[in-house]
Amino acid sequence: MKYDFSAIEKKWQANWEKTKPYAAVTGDPRPKFYGLIEFPYPSGAGLHVGHPRPFTAMDVITRKKRMQGYNVLFPIGYDAFGLPTENYAIKNHIHPAIVTHDNIANFTRQLKMLGYGFDWDRCINTSDPDYYKWTQWIFLQLFKHGLAYKATMSVNWCTSCKVVLANEEVVEGVCERCGAPVVRKEKSQWMLAITKYADRLIDDLDELDFIERVKIQQKNWIGRSTGCELTFQTNMGCDVTVYTTRADTLFGTSYMVISPEHPLLNEWKDRIGNWDEVAAYREAAARKSDFERGELNKDKTGVRLQGVEIRNPVTGKDLPMFVSDYVLMGYGTGIVIGVPGHDQRDWDFATKFGLPIIEVVAGGDVTKCAFVAKDDSAVMVNSGFLNGMTVKEAIPAMKQYAVEQGFGKVKTNFKLRDWVFSRQRYWGEPIPLVYCEKCGWQAIPESELPLKLPNVESYEPTDDGESPLAKMTDWVNTTCPCCGGPAKRETDTMPNWAGSSWYFLRYMDPHNDKEAVGKDAEAYWGPVDWYNGGMEHTTLHLLYSRFWHKFLYDIGVVHTKEPYAKRTSHGMILGQNPHYVGNVDTEEEKQALIKKYGNQALRQSVKMSKSLGNVVNPDDVVQEFGADTLRLYIMFIGDFEKTATWSANAVRGCKKFLDRCWNLMDIAADDDALSPKNEAVIHRSIKKVTEDIDALKMNTAIAQLMTMVNEFYANGLTRGDLKMLMLMLSPFAPHMVEEMWELTGYAAKTGKMAMQNDWPVYDESKMVEQEKEIAVQVNGKLRATVVIPLNADDETVLGIVYANEKIAKMKEGMEVVKTIIVKNKLVNLILKPAK
RNA sequence: GCCGGUGUGAUGGAAUGGUAGACGUGACGGACUCAAAAUCCGUUGGGCGAAUAACCCGUGUGGGUUCGAGUCCCACCACCGGCACCA
């Protein structure tokens, strides 16, 4: 019988849809396992071949867990608010809700086509009012607890999307989505005080089973540094405060720098001798984007503030002060000490402006460049009471001194900024607040949730950057929930990170119309046991959702401090580069490609994109090879964490393997016991496959199954042998195995494969053959192999080794100085000429 | 510049400090076939050989530790990802 994947897949998908073998049961006595994948954004392009990698991996994991007796929650949903849909709607004059609905239908078709064991009854959609009611509810709780606040601030403004972007959405000075330049703009914005959770977001990482690079990236992004604030007396009638991590270098300070945006400058306006010059510098700095100030322009510029003098508390000397845009207003106090001897930026600045460079840490040559010691064992010089101490000793010593003398205090700073939460767009959750002249910002009553998005004529944002909702005066004008007077609704909407910050909770209890998530459901399912997703979400979604979850913990909605017990990450799937130099033969053609495409031409693999024409559509692959082959290949493609390149040939190899498995049905002997010949390879495979799936090493798990099948062909097999293969292969190729399970008669006995809970268990004692081939080395070099009885003692092994003809020859006239025996693996003889 | 990662046959990739190249592509040879496809069985790192005899070389480069190093340590090179004037 031929393996007709198309008919088989349709048959079982329909069966699963009807019988729901993948439904999660809240409260079930079995141990629970909650496996989560990042829900997709339902774009118009449909699923691309990158999606199945993480989806299939978690499907394999959860299918195996189910077979091991777990009550599994493996849900799916759609992150449906967002700019691409809105932009499409604007262009084609279709309501974004309709676009979203159609895209979701297409995604759902494709996901079902791939045979994932999702609990479809728990499917959610963040743009559904029944869902965003609770997104709004959580926002109101944040507001009521003082964590949502409005602030006028300089924000990132995308000139093309006409929308405010979070820092995280600006990549190399351009909009992450559209690539248009990002400029700074003053705007009043809703902010979420994520920085209040900064310490906890770092410290609680220690308890989590996240892959190390995720932890490191989050820590770096939050950027905690501990130092101290030092206060200096000035001749301007007020003190100034700086932040530094290197208080030990205070004796080496030769000037001070203030940020151009610092408000103190305005206060000092009349007493700064060269105010015109300073004002011009400030204006020029304001015109530069952050990108220009940072990336493009590392040359130091600045203006000395005439008449301003700062007293150094440890030397008693007066220091000059400069304004320079290398000092950021948003970090520390906006004023820094200049220590040119031991900070390269300060050195550059001091050299340009002819300021003294004082060496206070020995070990470098500060006339050539700043000396930044690699470790903290360098010794202090020219530093009064610190002289002779190491840097390590000097930092706390100076801190202590500064605190005692009353000019310093210990301080922790973060690079993380509060989260800009407003978007001047239509397709997002309306912010459920109103503004009353008398009462200020007020939450709408929770009974009025969800605050639904009204229908508008046009989705285009206004040129002055107001949301399209601002034009809907009927909707905007309302009454104040506090005093009943006239009030206006907030017209900004939430960013698309809002809905995804808590969606994993909604899956636990998706139809609850009383609460975001019910207490019992959350207590049963939380936390997520294993969450897999892309590295690109490490500093965005992953951090934001940890923040929301911690807040929900604080107000008693959830019972765990952290949402995800375990986090792993997958590599991207790349396509063939059509412009790769390796594709052409002659040198001229190669040079032409390099000339035309530059470094791009040197890469064999590149991101799939429409413009390159190298996009692989899952629909086509399923059509040609079947869903099981696609699933198997995307798992076999290589190390899960690394990027991998799609290869049409290798897909065929996986189809061939499935054919070989299918054809085993024709040759399997009519016997339910394991055949003695195959017993060892079966038990070895159970161990390997079980452990490899848990470790996300799907490629080697599949390789082991291939090895097992090769053995079956070499040795012959029983139906019992085949049963073992079916059980272990079923998470990877569920449709085909379901059919085989039925054809071999097992379904009639124990029900369909999707309902099995007898994942095989290996027996260590049956894993190895009774004989073992081991390596024989002489002086560390491989010289022979011999076969020994399993677990033979050293004496027996050496007897066999010495009996080997080749080894015996090498031993002639030599003395055995030492023998190293690694049990069942290797013997190493150390020989030297006999005396 | 800082942080993290990677470097292995023609190719995707395997290898708790213990026989480098599992498994899969591709290639070559054979069986079946009128023939092809499919399928099945072999061979396939390089050098020197008639040899599936022996020997030598081989995991980015150069050193080191070890009886033994792809794996550990030091220095360097190349590429990929993230952050970047964060005081």
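Every chain is numbered from 1 and lettered A, B, ... according to where its sequence line falls, protein lines coming before strand lines. None of the values given here were measured: they were computed from a predicted structure.
Atom pair A/Leu782:CG and B/rA20:C1' shows a separation of 11 Å (rounding to whole Å applied). Taking atom NZ of residue A/Lys642 and atom C1' of nucleotide B/rC79, one finds them 14 Å apart after rounding to whole Å. Atom CD in A/Gln604 sits roughly 17 Å away from atom P in B/rC79 (whole-Å rounding). One atom, CZ of A/Phe414, and another, P of B/rA87, lie 12 Å apart when rounded to the nearest Å. For the pair A/Met706 CE and B/rC23 P, the computed distance is 11 Å after rounding to whole Å. Whole-Å rounding puts the A/Tyr713 OH to B/rC40 C1' distance at 9 Å. One atom, CZ of A/Arg652, and another, P of B/rA37, lie 14 Å apart when rounded to the nearest Å. Here the P atom of nucleotide B/rU39 and the CG atom of A/Asn710 are 14 Å apart, to the nearest Å.
When the C1' atom is compared between B/rU59 and B/rG21, the two are found 9 Å apart, to the nearest whole Å. B/rC3 and B/rG63: their C1' atoms are spaced 27 Å apart (whole Å). Using P as the reference atom, B/rA54 and B/rG17 are 31 Å apart when rounded to the nearest Å.
At a threshold of 4.0 angstrom between heavy atoms, the contacts of A/Ser225 are confined to the sugar-phosphate backbone, with no base atom among them. Here A/Gly653 lies in heavy-atom contact (under 4.0 Å) with sugar-phosphate atoms only. Using a 4.0 Å heavy-atom criterion, one finds that A/Glu212 contacts no nucleic acid atom at all. Within the 4.0 angstrom heavy-atom criterion, only backbone atoms of the sugar-phosphate kind lie near A/Thr707; the bases stay farther away.
The residues A/Arg567 and A/Glu38 are annotated as salt-bridged, a charged nitrogen and a carboxylate oxygen being separated by less than 4.0 angstrom.
Under the 30°/60° scheme for interplanar angles, the aromatic rings of A/Tyr331 and A/Tyr243 are found to stand perpendicular.
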How does RNA chain B look in dot-bracket notation if pairs are Watson-Crick or G-U with both distances under 3.5 Å, crossing ones as [ ], other-strand ones as |? (((((((..(((.....[....)))((((((.......))))))(((.......)))..(((((..]....))))))))))))....
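Side chain of A/Asn614 to main chain of A/Gln576: a donor-acceptor pair is present (N/O by atom type, distance under 3.5 Å, no hydrogens or angles). In terms of modelled atom types and a separation under 3.5 Å, the side chain of A/Asn779 and the main chain of A/Leu831 share a donor-acceptor contact. Proximity of a side-chain donor or acceptor of A/Asn699 to a complementary backbone N or O of A/Ile637 within less than 3.5 Å is not detected. At least one donor-acceptor pair under 3.5 Å links the side chain of A/Asp346 to the backbone N or O of A/Val339.
Regarding contacts with the backbone of B/rU25, a side-chain N or O of A/Lys656 is found under 4.0 angstrom from either OP1 or OP2. Residue A/Lys806 places at least one side-chain N or O under 4.0 Å from the OP1 or OP2 atom of B/rC55. Close to B/rA87, at under 4.0 Å from its OP1 or OP2, lies no side-chain N or O of A/Tyr243. Distances shorter than 4.0 Å separate none of the side-chain N or O atoms of A/Lys781 from OP1 or OP2 on B/rG18. Distances shown here put every side-chain N or O of A/Asn663 at or beyond 4.0 Å from the OP1 or OP2 atom of B/rA38. The side chain of A/Asn699 places an N or O atom within less than 4.0 Å of a non-bridging phosphate oxygen (OP1 or OP2) of B/rA14. For the OP1/OP2 pair of B/rC67 and a distance below 4.0 Å, the side-chain nitrogens and oxygens of A/Thr819 include no atom meeting the criterion.
With distances taken from any side-chain atom of A/Asn828 to the nucleotides B/rA22, B/rC83, B/rG18, the minimum falls on B/rG18. Among the nucleotides B/rA22, B/rC56, B/rA87, the one closest to the side chain of A/Arg783 is B/rC56.
For A/Lys300 against B/rC85, a side-chain-to-base donor-acceptor contact under 3.5 Å is present.
Applying the side chain to side chain donor-acceptor pair (under 3.5 Å) test to A/Glu691 and every residue at least two apart in sequence or in another chain returns A/Lys687.
In the displayed structure, A/Lys409 atom NZ is contacted under 6.0 Å by at most 12 heavy atoms of other residues, nucleotides or ligands. Within 6.0 Å of the NZ atom in A/Lys215, the count of heavy atoms belonging to other residues, nucleotides or ligands exceeds 12.
In B/rG49 the O4'-C1'-N dihedral to the base is within 90° of 0, which defines a syn nucleotide.
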